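Comments concern the structure below.
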Amino acid sequence: MKMIDAECVFCKIITGVIPCRKVYEDENCYAFMDIAPFERGHTLVVPKRHLAFLTDMPDELLIHLILTTRKIAAHILQELPCDGFNILQNNGECATQTVPHVHFHIIPRWNNQKPRWHSSEGCQSNDEITETHKRIAINGN
Ligand code: 5GP
Ligand code: ZN
């Protein structure tokens, strides 16, 4: 059973080869801030095991991943804070999946603000991103 793909960007993040702003980690899941966020606090939640599609996931791991995604979303809602959020999950290049390692996007949203469905890279300073990270990182992570 292949756990890690040495060429995969997210496997490199999970194993510390590529740095990231970590939001959460447990035995089976890892969450970190998206490098090209649609909105402030845009977070990705991934299984540690390298699987490309949602449909490749064993039941137990998928249940754990979605419950973890809910936990992180609840934390972001309260601590960022935001008024709502989108969960986005792409499978295959035809569906705009660019990293073939299963992931849920958590995209924070605010009342009276039109949802943006593309990167807002450059809209936030490094200090702002650091401040957002402090708010949404789950303690002990
Ligand atoms: P997809 O389009 O596959 O659903 O989303 C992949 C996401 O991964 C994109 O939003 C992209 O910005 C993010 N991403 C790609 N490479 C990196 C990286 O090296 N670090 C981080 N933090 N995010 C990345
Ligand atoms: Zn991977």
Side-chain angles (χ1 to χ4, degrees), residues 1-111 113-141:
M1 188 200 308
K2 189 171 71 168
M3 299 298 287
I4 294 288
D5 179 334
E7 301 303 311
C8 169
V9 172
F10 289 173
C11 285
K12 287 182 185 172
I13 286 176
I14 293 160
T15 53
V17 175
I18 294 179
C20 74
R21 290 181 186 268
K22 184 162 80 170
V23 171
Y24 175 82
E25 178 176 10
D26 65 28
E27 201 183 325
N28 296 302
C29 295
Y30 203 92
F32 50 96
M33 291 173 75
D34 196 299
I35 203 167
F38 292 6
E39 299 287 359
R40 190 162 64 92
H42 184 160
T43 296
L44 302 173
V45 190
V46 310
K48 287 187 171 174
R49 182 174 161 194
H50 180 87
L51 297 162
F53 277 26
L54 187 80
T55 42
D56 295 329
M57 294 192 74
D59 290 358
E60 254 184 57
L61 185 56
L62 177 56
I63 290 165
H64 180 64
L65 187 67
I66 191 64
L67 291 178
T68 302
T69 301
R70 180 179 69 175
K71 176 161 78 179
I72 296 167
H75 186 76
I76 290 174
L77 262 179
Q78 191 174 317
E79 301 296 333
L80 192 49
C82 55
D83 300 316
F85 59 91
N86 290 104
I87 298 293
L88 176 67
Q89 206 281 311
N90 302 322
N91 300 273
E93 273 182 50
C94 58
T96 72
Q97 184 181 19
T98 57
V99 180
H101 181 133
V102 185
H103 51 283
F104 284 110
H105 296 250
I106 302 170
I107 307 168
R109 302 298 191 188
W110 291 269
N111 296 336
Q113 198 172 306
K114 196 169 170 239
R116 177 168 36 206
W117 293 102
H118 56 83
S119 167
S120 62
E121 215 175 350
C123 291
Q124 298 161 74
S125 68
N126 213 39
D127 285 353
E128 285 169 328
I129 296 168
T130 299
E131 167 63 19
T132 298
H133 186 210
K134 272 193 205 145
R135 285 171 184 261
I136 69 174
I138 296 186
N139 279 341
N141 280 271

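All figures in this text were calculated on a predicted structure; none of them were measured in a lab. Here, residue 1 is the first one in the sequence, and each next residue gets the next number. Start at 1 and go down the list; that is how both ligands and their atoms are numbered.
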Does ligand 1 have a heavy atom under 4.0 Å from the side chain of L44, from its backbone, from both, or from neither? side chain

Residue, atom name and distance, where the atom is the protein heavy atom closest to atom 2 (O) of ligand 1: T96 O, 2.8 Å

S120 vs R40, side chain to side chain donor-acceptor pair (under 3.5 Å): CA-CA, chis, key distance, verdict: CA-CA 9 Å; S120 62; R40 190 162 64 92; over 6 Å; no

Those atoms of ligand 1 less than 4.0 Å from some heavy atom in F10: 8 (O)

Could you say whether the N/O atoms of M33 and ligand 1 ever approach to under 3.5 Å? yes

Aromatic centroids of H103 and H101 separated by under 6.0 Å: no

With a 4.0 Å cut-off on heavy atoms, is R21 in contact with ligand 1? no

I'd like to know if I13 contacts ligand 1, where contact means a heavy-atom distance under 4.0 Å to any ligand atom. yes

Backbone or side chain, does any N or O of I35 fall under 3.5 Å from an N or O of ligand 1? yes

Exceeds 12 heavy-atom contacts within 6.0 angstrom, atom CZ of R116: yes

Below the 3.5 angstrom mark, is there an N/O of N90, backbone or side chain, next to an N/O of ligand 1? yes

For the Zn ion (ligand 2), which N, O or S atom of H50 is at the shortest distance? ND1

Interatomic spacing from CD1 in I66 to NE2 in H64 - rounded to 0.5 Å: 11.5 Å

Under 4.0 Å from ligand 1, counting heavy atoms only, is it the side chain of C20, its backbone, both or neither? neither

Could you tell me whether a side-chain N or O of K48 sits under 3.5 Å from a main-chain N or O of D26, the two making a donor and an acceptor? yes

Tell me which one of V99, D34, V102 gets a heavy atom nearest to atom 7 (C) of ligand 1. D34

Do D34 side-chain atoms and H42 backbone N/O form a donor-acceptor pair below 3.5 Å? no

Can you tell me if Q113 has over 12 outside heavy atoms packed within less than 6.0 Å of its CD? yes

Give the atom numbers and elements of ligand 1 that come within less than 4.0 Å of a heavy atom of A36. 12 (O)

Check the surroundings of atom CD in Q78: do more than 12 heavy atoms from other residues, nucleotides or ligands lie under 6.0 Å from it? no

Atoms of ligand 1 under 4.0 Å from any heavy atom of T98, numbered from 1 in the order shown, are 1 (P), 2 (O), 3 (O), 5 (O), 6 (C)

For ligand 1, indicate whether the residue H103 contacts it via side chain, backbone, both or neither (heavy-atom separation under 4.0 Å). side chain

Taking the Zn ion (ligand 2) as the apex, SG on C8 and SG on C11 give an angle, to 10°, of 120°

Short question: side chain of N91, backbone of F53 - any donor-acceptor pair under 3.5 Å? no

So, does W110 use its side chain to make a donor-acceptor pair with the main chain of P81 at under 3.5 Å? yes

Answer yes if the ring centres of F10 and F32 are under 6.0 angstrom apart, and no otherwise. yes

Hey, which N, O or S atom on H101 ends up closest to the Zn ion (ligand 2)? ND1

Students should be able to answer this: which protein heavy-atom is nearest to atom 19 (O) of ligand 1, and at what distance? V9 CG1, 3.5 Å

